[in-house]
There are 2 protein chains.
Amino acid sequence: MADTGSTGENLLFLTDEQLRKGIEAMFFAYRGFTADPDRILAEMSYGRAHHRALHFINRARGTTVNNLLSVLGVTKQSLNRVLRTLIEDGLVESRVGSRDRRERHLYLTRKGAELERQLSEAQRARMRAAYRAAGPEAVAGFRRVLEAMMDEPSRQHYQALKDSKP
Amino acid sequence: MADTGSTGENLLFLTDEQLRKGIEAMFFAYRGFTADPDRILAEMSYGRAHHRALHFINRARGTTVNNLLSVLGVTKQSLNRVLRTLIEDGLVESRVGSRDRRERHLYLTRKGAELERQLSEAQRARMRAAYRAAGPEAVAGFRRVLEAMMDEPSRQHYQALKDSKP
DNA sequence: TCTTTTAAGTCAGTCTTGTTGACTTTCCAA
DNA sequence: TTGGAAAGTCAACAAGACTGACTTAAAAGA
């Protein structure tokens with residue numbers, strides 16, 4: 001049916017109309033994306049920022065504060081507030097570096113890992129339903145477009161995490 | 001090559017690993033998605049909330065405040081602050097309803113339409129590049145997954161806007 | 001060794017964007 | 001004519017981002 005060759009391509013998918021639909025889809029979908037974890041977080045008076053910190057500490061165990069800062073793309077002061085409450089509440093452990101003792105390495109405690117699992121499972125559940133409804137081909141396209149939409153620093157972080165261990 | 005039938009399907013795309021990549025892709029891509037308009041807005045000391053209001057007033061000219069409220073999913077007080085500055089600055093016009101004079105119908109002024117165009121063109125440019133890089137099949141999948149990720153009220157709003165006039 | 005740089009943390013203040021709650025004004029419709 | 005809906009306003013608050021200035025500790029370099 002459609003000619004998807006590299007030269008004789010049908011470019012109708014690049015009209016402003018199509019782009020606008022994609023933009024609105026991103027806006028509305030992102031709300032769904034964050035809705036379930038947000039509900040859980042609200043119950044325990046945490047916010048989205050806590051979720052993000054837990055997620056990336058879990059993904060890159062033993063990461064330094066500086067690295068987390070650059071992944072999250074926020075300032076040190078902003079992260080510090082969140083990190084402090086997580087440490088005080090016993091969800092995150094901060095260990096002095098052995099090679100470089102200026103650095104702090106961050107780890108989830110058992111309690112922190114439990115909350116992270118709860119939050120990410122809620123988020124995965126919706127994602128799983130969406131993936132299942134859309135099918136594997138759609139999922140591949142979904143990821144391809146998102147990757148092309150990232151700016152360079154984000155893409156670097158994304159790629160670095162992409163194939164790291166569970 | 002791949003069997004994508006409804007029963008004998010390969011379900012590897014539903015692993016937690018795959019879902020996690022999708023979640024991280026959404027997180028990093030959303031930053032790219034908002035980055036360009038955010039830069040423009042910062043210069044004129046507006047925020048993302050102003051952009052959203054301008055976008056949907058443009059999309060649904062003459063919409064009422066109540067309708068805009070439900071599309072944006074924020075409280076009346078929150079929207080009102082944003083709307084007030086946009087009206088004061090002459091970007092949005094609020095007309096008393098002729099049929100129901102309690103309602104206000106919202107329109108962009110020439111100046112408001114100009115800013116909206118500038119913001120959305122910046123956003124479209126990135127979207128266009130991503131679409132072009134990923135190709136039409138990927139774009140179709142991208143949209144399909146996003147639509148499946150929305151919660152019900154958002155999907156309603158999305159569908160209502162989807163095929164409305166330019 | 002002395003100096004500079006880096007990593008982390010802190011204090012103070014600001015801004016945007018969201019929230020509740022209470023209240024008024026306007027005005028349609030039963 | 002009165003009840004209730006739509007809109008708007010005021011006040012207070014919170015999360016989460018920001019800047020700027022500063023401290024402490026430790027590594028790295030001259």
Side-chain angles (χ1 to χ4, degrees), chain A residues 27 30-31 34-35 37-57 62-89 92-107, chain B residues 27 30-31 34-35 37-57 62-89 92-107:
Chain A
F27 171 71
Y30 201 79
R31 280 223 295 244
T34 55
D38 279 358
R39 261 188 292 274
I40 297 170
L41 290 157
E43 284 171 20
M44 35 188 59
S45 55
Y46 286 137
R48 219 174 272 181
H50 299 88
H51 182 191
R52 292 199 282 256
L54 291 174
H55 176 96
F56 287 111
I57 292 171
T63 184
T64 62
V65 172
N66 249 6
N67 181 57
L68 189 55
L69 235 40
S70 106
V71 170
L72 293 174
V74 297
T75 59
K76 166 174 70 156
Q77 294 89 329
S78 196
L79 175 59
N80 211 259
R81 189 177 8 171
V82 165
L83 222 41
R84 189 162 39 198
T85 71
L86 291 175
I87 291 169
E88 279 168 6
D89 296 354
V92 167
E93 193 189 344
S94 165
R95 297 186 205 151
V96 172
S98 53
R99 245 188 31 204
D100 184 335
R101 301 188 38 200
R102 287 170 305 182
E103 295 180 338
R104 300 299 135 88
H105 298 271
L106 303 169
Y107 298 88
Chain B
F27 171 71
Y30 201 79
R31 280 224 295 246
T34 56
D38 279 358
R39 260 189 292 275
I40 296 169
L41 289 157
E43 283 171 20
M44 38 189 56
S45 56
Y46 286 137
R48 218 174 271 181
H50 298 87
H51 181 191
R52 293 200 281 256
L54 292 174
H55 177 96
F56 287 109
I57 293 171
T63 184
T64 62
V65 172
N66 247 9
N67 181 56
L68 189 54
L69 235 39
S70 105
V71 170
L72 293 174
V74 296
T75 58
K76 164 173 73 156
Q77 294 87 332
S78 194
L79 175 58
N80 211 259
R81 194 175 5 186
V82 165
L83 224 40
R84 188 163 40 197
T85 72
L86 291 174
I87 291 169
E88 279 169 6
D89 297 354
V92 167
E93 193 189 344
S94 166
R95 296 187 205 152
V96 172
S98 53
R99 245 187 30 205
D100 184 336
R101 301 188 36 199
R102 287 168 304 181
E103 294 181 338
R104 301 300 134 88
H105 298 269
L106 303 169
Y107 298 88

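Quick note on labels: first sequence line is chain A, next is B, and so on, each numbered from 1. Note: hydrogens, waters and symmetry copies are ignored here, and every other heavy atom, side chains too, is used.
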Rounding to 0.5 Å, atoms CZ (A/Arg31) and OG1 (A/Thr34) come to a distance of 9.0 Å

Of A/Asn80 and B/Val74, the one whose closest nucleotide on DNA chain C sits nearer the 5' end is A/Asn80

On DNA chain D, compare the nucleotides closest to A/Arg48 and A/Arg104; which residue's is nearer the 5' end? A/Arg48

Sub-3.5 Å donor-acceptor pair from the side chain of B/Ser78 to the main-chain atoms of B/Thr75, do we have one? no

What nucleic acid atoms does B/His105 come within less than 4.0 Å of, heavy atoms only: base, sugar-phosphate, or nothing? nothing

Mind checking which nucleotides bracket the chain A contacts on DNA chain D, 5' to 3', with an atom under 4.0 Å from a heavy atom? D/dG16 to D/dA27

Give B/Arg81 one of three labels, base, sugar-phosphate or nothing, depending on what nucleic acid heavy atoms sit under 4.0 Å from its own. base

A/Leu106 and A/Leu83: side chain to side chain contact (heavy atoms under 4.5 Å, CB included), yes or no, with the steps? CA-CA 10 Å; A/Leu106 303 169; A/Leu83 222 41; 3.9 Å; yes

Residue pair A/Leu72, A/Phe56: steps toward the side chain to side chain contact (heavy atoms under 4.5 Å, CB included) verdict: CA-CA 8 Å; A/Leu72 293 174; A/Phe56 287 111; 3.6 Å; yes

Before you tell me yes or no, could you show the steps for B/Phe27 and A/Tyr30 under ring-ring contact (aromatic ring centres under 6.0 Å, His included), namely the whole-Å CA-CA distance, both residues' side-chain angles and the distance that decides it to 0.1 Å? CA-CA 9 Å; B/Phe27 171 71; A/Tyr30 201 79; 8.1 Å; no

5' precedence on DNA chain D between A/Gly73 and A/Arg101 (nearest-nucleotide basis): A/Gly73

Does B/Leu41 offer a backbone N or O that forms a donor-acceptor pair with the side chain of B/Arg48 under 3.5 Å? no

So does A/Glu103 pair up with A/Arg101, basic N to acidic O under 4.0 Å? no

Ranking B/Tyr46 and A/Lys76 by the position along DNA chain C of their nearest nucleotide, the one closer to 5' is A/Lys76

Where does the chain A footprint on DNA chain C start and end, counting 5' to 3' with a 4.0 Å heavy-atom cut-off? C/dT6 to C/dC11

Parallel, tilted or perpendicular: which describes the rings of B/His50 and B/Tyr46, with under 30° parallel and over 60° perpendicular? tilted

